[in-house]
Peer 1: 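Structure below; questions to follow.
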Amino acid sequence: MKIMGRSGIPDILHFKRLLRDKNLKATPQRMAVHEAMSALGHATAEEVSQWIAEQGEVPVSPASVYNILSLLADLGIYARCSGRGGKKVFDVRAKQHFHLYDTRNEAWRDLEDPTLLSLLEAQLKGRRFLGYRIEGFELQLLCRPTRKLLPPK
């Protein structure tokens, strides 16, 4: 089990290739959203809009940010997480992984646990639920820090 840092985030060239593979152009707005998501990792559309407004170089309307994030998640370039209170949170890493959700600080951490992933995949393989087909799964562990967090450097 490994709590992951920023690894696995598509760099600009890889992101452009992912867009091209889906027959999408690397528009300035999509690039601005990806720049924000690369910095934030996990974010709501509102947080991405705010980041772009404060630090981005290309203006992108909040509605466009939401549409771009939704499109990228629908295409599997990004992932979605279920935030507290029904918030839609987007994840720049689409590769299957789990999340630790810090309920005290309302922060997300990526968790990679190949053993747990294999167990869940094996348990769900071939399972049927009347009227439904499993498309995937999301595991989010709710937690809180066991010690005071150090201030960022």
Side-chain angles (χ1 to χ4, degrees), residues 1-118 120-121 124 134-146 148-153:
M1 179 171 26
K2 179 173 119 180
I3 297 175
M4 300 178 321
R6 303 312 256 177
S7 64
I9 296 174
D11 65 20
I12 293 297
L13 291 176
H14 185 218
F15 181 68
K16 286 181 178 180
R17 193 173 322 115
L18 290 169
L19 291 174
R20 189 176 57 243
D21 291 348
K22 303 290 185 180
N23 295 316
L24 295 172
K25 292 182 181 178
T27 64
Q29 293 81 8
R30 288 181 182 137
M31 299 309 292
V33 167
H34 184 66
E35 181 183 7
M37 284 298 295
S38 294
L40 298 169
H42 304 89
T44 63
E46 294 81 17
E47 291 166 336
V48 172
S49 290
Q50 182 178 352
W51 191 97
I52 292 171
E54 293 172 0
Q55 300 182 43
E57 297 180 16
V58 176
V60 186
S61 74
S64 291
V65 167
Y66 180 79
N67 290 336
I68 290 168
L69 289 168
S70 294
L71 174 66
L72 295 174
D74 290 344
L75 294 173
I77 295 172
Y78 288 173
R80 283 186 181 88
C81 305
S82 301
R84 290 199 105 157
K87 284 185 184 178
K88 288 186 181 174
V89 177
F90 296 90
D91 185 349
V92 72
R93 295 183 67 243
K95 178 185 171 201
Q96 180 71 57
H97 63 283
F98 307 115
H99 292 106
L100 293 176
Y101 179 71
D102 177 343
T103 57
R104 182 175 292 157
N105 298 296
E106 296 185 12
W108 297 83
R109 296 292 302 262
D110 289 324
L111 176 68
E112 197 164 293
D113 188 333
T115 304
L116 181 57
L117 179 61
S118 294
L120 284 172
E121 286 174 340
L124 294 172
I134 296 175
E135 294 180 343
F137 57 88
E138 176 183 320
L139 179 63
Q140 165 180 296
L141 302 171
L142 304 178
C143 59
R144 62 182 172 84
T146 55
K148 285 188 176 182
L149 295 177
L150 298 174
K153 291 184 179 183

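Numbers here simply count residues along the sequence, with the first being 1.
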Peer 1: List the steps and the verdict of side chain to side chain contact (heavy atoms under 4.5 Å, CB included) for Ile77 and Val92.
Peer 2: CA-CA 8 Å; Ile77 295 172; Val92 72; over 6 Å; no

Peer 1: Return a table of donor-acceptor pairs under 3.5 angstrom between the side chains of residues 51-73 and protein atoms on other chains or two or more places apart.
Peer 2:
unit_1 : atom_1 : unit_2 : atom_2 : d
Glu54  : OE2    : Gln50  : NE2    : 3.1
Ser61  : OG     : Ser64  : N      : 3.1
Ser61  : OG     : Ser64  : OG     : 3.0
Tyr66  : OH     : Lys88  : NZ     : 3.1
Asn67  : ND2    : Ala63  : O      : 3.3
Ser70  : OG     : Tyr66  : O      : 3.0

Peer 1: Do you know the tightest heavy-atom contact between Leu19 and Ala26?
Peer 2: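 For Leu19 versus Ala26, the nearest heavy atoms are CD1-CA, 3.7 Å.
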
Peer 1: Calculate, to the nearest 0.5 Å, the distance between atoms CG and CZ belonging to Asp11 and Arg17 respectively.
Peer 2: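 Spacing of CG (Asp11) from CZ (Arg17) equals 7.5 Å.
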
Peer 1: Show every side chain to side chain donor-acceptor pair (under 3.5 Å) that has at least one partner inside residues 22-37, sequence neighbours left out.
Peer 2: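 Of all non-adjacent pairs touching residues 22-37, those that pass side chain to side chain donor-acceptor pair (under 3.5 Å) are His34-Ser38, His34-Tyr78.
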
Peer 1: With rounding to the nearest 0.5 angstrom, report the OG1 to CG distance, Thr115 to Leu120.
Peer 2: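 Answer for the OG1-CG pair, Thr115 versus Leu120, is 11.0 Å.
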
Peer 1: Got a second to check how far Phe15's CZ is from Arg20's CZ, nearest 0.5 Å?
Peer 2: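 One gets 12.5 Å once the value is rounded to the nearest 0.5 Å.
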
Peer 1: Which heavy atom of Thr44 sits nearest to which heavy atom of Glu47, and what is that distance?
Peer 2: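 Heavy atoms only, the tightest pair is N-OE1, 2.8 Å.
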
Peer 1: Please name all residues satisfying salt bridge (Lys or Arg N to Asp or Glu O under 4.0 Å) with Arg80, sequence neighbours left out, ordered by chain then number.
Peer 2: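 Arg80 satisfies salt bridge (Lys or Arg N to Asp or Glu O under 4.0 Å) with Asp74 only.
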
Peer 1: What I'd like to find out is whether the side chain of Phe90 reaches to under 4.5 Å of the side chain of Val48, using heavy atoms alone.
Peer 2: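 The answer is no, as the side chains (C-beta and beyond) never meet within the 4.5 Å cut-off.
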
Peer 1: Please name the pair of heavy atoms, one in Ala79 and one in Arg93, separated by the smallest distance, quoted to 0.1 Å.
Peer 2: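 Ala79 and Arg93 have their closest heavy atoms at CB-O, 3.8 Å.
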
